[in-house]
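Note that the structure is a prediction, hence the values are computed from the model and not measured. All values below were derived from every heavy atom in this structure, side-chain atoms included, with hydrogens, water molecules and symmetry-related copies excluded.
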There are 2 protein chains.
Amino acid sequence: MQDLNISAPDSTVQTEIYAKFFHGLSNPTRFKIVEALLNREMNVSQLVEAVGASQSQVSNQLACLKWCGYVTSRQEGKYILYRISDERVRTILQLAKEIVADNAEHIRCRTRM
Amino acid sequence: MQDLNISAPDSTVQTEIYAKFFHGLSNPTRFKIVEALLNREMNVSQLVEAVGASQSQVSNQLACLKWCGYVTSRQEGKYILYRISDERVRTILQLAKEIVADNAEHIRCRTRM
DNA sequence: ACAACATATAAAGATATTATGATATATAAA
DNA sequence: TTTATATATCATAATATCTTTATATGTTGT
């Protein structure tokens, strides 16, 4: 088993994997899907309505999110239900929102001076 | 001041800002820069050596990271020193690495069955 | 087996991102 | 003021991503 040393520089391969992981949240449609699934498990049709994108698009982005490890799926009858695979994803989104909010605040302050 | 309700769906504009924010970490060079700066403040030339990319590339990616709110800079003589603007960035990277590590473990398990 | 619905996949063009090389700007030293 | 060094910016070619449309796959009910 390979250990995970946060402070050590990563190998090129590891770095690319991490970059790919963040790529998962770098698209508005995928971000909305993740947000929707943080509230509750949903099937594809429900997601199509929730995020306002085409079925094809949602399916594609779900494949991407699945590959990145954000979501998992299970079949229930003719539906396929997706859910967030790891609760830590919620924390990541929360931190990001806080940072963005504070950053926007700083920018607002600066323009006043 | 606008409140930050994590569970409520975001407006399209907010969603795009968050997606842009994660875009910051979705590129290997930018990811390496952030990792390097989490260890210590560095100038551009030091970053060029640390991440193994061209000066032009590093400057460009720094501009992107600055825009996203990951880094800030200050001038010291003829050098410009960059540092991580928010310690919460460290937590985000740590969580991401943990999720990726666990996910890789799951994939490894599945291929054995 | 057939029809209807749910989801996934594939191909195409449109758009965005990245890497590269050249050049501009700014600071420091001579 | 000239030269050297550090950083930023710009143009563009190469590459990757996204959107759209069409089609394939799989499930349920008749």
Side-chain angles (χ1 to χ4, degrees), chain A residues 12-13 15-34 36-37 40-85, chain B residues 12-13 15-37 40-68 70-85:
Chain A
T12 303
V13 174
T15 300
E16 273 165 16
I17 292 173
Y18 297 141
K20 284 264 182 205
F21 177 78
F22 283 112
H23 176 77
L25 295 173
S26 75
N27 168 283
T29 301
R30 286 194 297 269
F31 188 90
K32 279 187 212 163
I33 291 175
V34 170
L37 294 179
R40 62 185 179 85
E41 191 179 47
M42 291 172 88
N43 66 41
V44 180
S45 304
Q46 290 172 322
L47 282 169
V48 166
E49 199 181 14
V51 310
S54 73
Q55 180 269 317
S56 161
Q57 212 172 148
V58 170
S59 270
N60 266 312
Q61 309 294 30
L62 280 170
C64 177
L65 289 171
K66 199 171 181 177
W67 188 92
C68 287
Y70 287 100
V71 305
T72 54
S73 62
R74 68 189 174 91
Q75 184 143 8
E76 198 177 76
K78 62 178 172 176
Y79 300 103
I80 296 187
L81 302 181
Y82 282 85
R83 62 188 165 78
I84 298 296
S85 59
Chain B
T12 302
V13 174
T15 300
E16 273 165 16
I17 292 173
Y18 297 142
K20 284 263 181 207
F21 177 77
F22 283 112
H23 175 75
L25 295 174
S26 74
N27 168 283
T29 301
R30 285 194 297 269
F31 187 88
K32 279 187 212 163
I33 290 174
V34 170
E35 264 200 324
L37 294 180
R40 62 185 180 87
E41 191 179 47
M42 291 172 89
N43 65 41
V44 179
S45 303
Q46 290 172 322
L47 282 169
V48 166
E49 199 182 12
V51 312
S54 73
Q55 180 269 316
S56 161
Q57 210 174 149
V58 170
S59 270
N60 266 311
Q61 308 295 29
L62 280 171
C64 177
L65 289 170
K66 199 170 179 178
W67 188 92
C68 286
Y70 287 100
V71 305
T72 54
S73 62
R74 68 189 176 91
Q75 185 144 5
E76 198 177 76
K78 61 178 175 177
Y79 300 104
I80 296 187
L81 303 180
Y82 282 85
R83 63 188 164 78
I84 298 296
S85 59

Enquirer: Has the side chain of B:Gln55 got a donor or acceptor atom sitting under 3.5 Å from an opposite partner on the base of D:dA8?
Expert: yes
Enquirer: Less than 4.5 Å apart, side chain to side chain, heavy atoms only: is that true for B:Val71 and B:Ile84?
Expert: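 The answer is yes; the side chains approach within 4.5 Å.
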Enquirer: Can you check the A:Gln57 CD to D:dT17 C1' distance for me, whole Å?
Expert: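 In whole Å, D:dT17 C1' lies 12 Å from A:Gln57 CD.
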Enquirer: Students often mix this up, so state it plainly: with edges at 30° and 60°, are the rings of A:Phe21 and A:Tyr70 parallel, tilted or perpendicular?
Expert: parallel
Enquirer: Atom OH of A:Tyr79 to atom C1' of C:dA8: distance rounded to whole Å?
Expert: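 Distance, rounded to whole Å: 17 Å.
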Enquirer: Show the distances under 3.5 angstrom between N or O atoms of the protein and N or O atoms of nucleotides 10-13 of chain C.
Expert:
from   : atom 1 : to      : atom 2 : distance (Å)
C:dA10 : N6     : A:Ser56 : OG     : 3.4

Enquirer: Quick one: does B:Leu25's side chain get under 4.5 Å of A:Leu25's, heavy atoms only?
Expert: no
Enquirer: Is B:Asn43 near enough to D:dA6 that one of its side-chain N or O atoms lies under 4.0 angstrom from OP1 or OP2?
Expert: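 No, no such contact exists.
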Enquirer: Check the pair B:Glu16, B:Thr12 against side-chain hydrogen bond (donor to acceptor under 3.5 Å, both in side chains), reporting the backbone distance first and the verdict last.
Expert: CA-CA 6 Å; B:Glu16 273 165 16; B:Thr12 302; over 6 Å; no
Enquirer: Side-chain N or O of B:Ser59 less than 4.0 angstrom from OP1 or OP2 on D:dT9?
Expert: no
Enquirer: Taking the side chain as every heavy atom from C-beta outward, state whether A:Thr72 and A:Arg83 have any atom pair closer than 4.5 Å.
Expert: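 In contact.
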Enquirer: Please give, in whole Å, the distance from C:dA6 C1' to A:Glu49 CD?
Expert: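 Going from A:Glu49 (CD) to C:dA6 (C1'), I get 15 Å.
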Enquirer: When the distance from CD of A:Gln46 to C1' of C:dC5 is rounded to whole Å, what number comes out?
Expert: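 One finds 15 Å between C1' of C:dC5 and CD of A:Gln46, rounded.
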Enquirer: A:Gln75 CD to C:dA8 C1': how many Å, rounded?
Expert: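 In whole Å, C:dA8 C1' lies 12 Å from A:Gln75 CD.
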Enquirer: Do B:Lys20 and B:Trp67 come close enough that some side-chain heavy atom pair is under 4.5 Å?
Expert: yes
Enquirer: Taking the minimum atom-to-atom distance to the side chain of B:Ile80, which one of D:dT7, C:dA8, C:dA6 wins?
Expert: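 Ranking D:dT7, C:dA8, C:dA6 by closest atom to the B:Ile80 side chain puts D:dT7 first.
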Enquirer: Rounded to whole angstroms, how far apart are NZ on B:Lys32 and C1' on C:dA19?
Expert: 14 Å
Enquirer: Please state how far atom CD in A:Gln61 lies from atom P in D:dT20, giving the value in whole angstrom units.
Expert: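 To the nearest whole Å, that distance equals 11 Å.
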Enquirer: What bend angle does the helix from C:dA1-D:dT30 to C:dA30-D:dT1 show across its length, from five-pair end axes and to the nearest 10 degrees?
Expert: 30°
Enquirer: To the nearest Å, give me how far apart NZ (B:Lys78) and C1' (C:dA26) are.
Expert: 12 Å
Enquirer: Please, which pairs that meet salt bridge (charged side-chain N to carboxylate O under 4.0 Å, His left out) have at least one residue in residues 60-75 of chain A, sequence neighbours excluded?
Expert: A:Glu41-A:Arg74, A:Arg74-A:Glu76
Enquirer: For A:Gly24 and A:Leu65, work out which heavy atoms get closest and say how close.
Expert: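 Between these two residues, the closest heavy atoms are O-CD2, 3.7 Å.
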Enquirer: Answer yes or no: are there more than 12 heavy-atom neighbours, outside B:Glu49 itself, under 6.0 Å from its atom CD?
Expert: no
Enquirer: The side chain of A:His23 lies closest to which of these nucleotides: C:dA19, D:dA8, D:dC18?
Expert: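 Nearest to the side chain of A:His23 among the choices is D:dC18.
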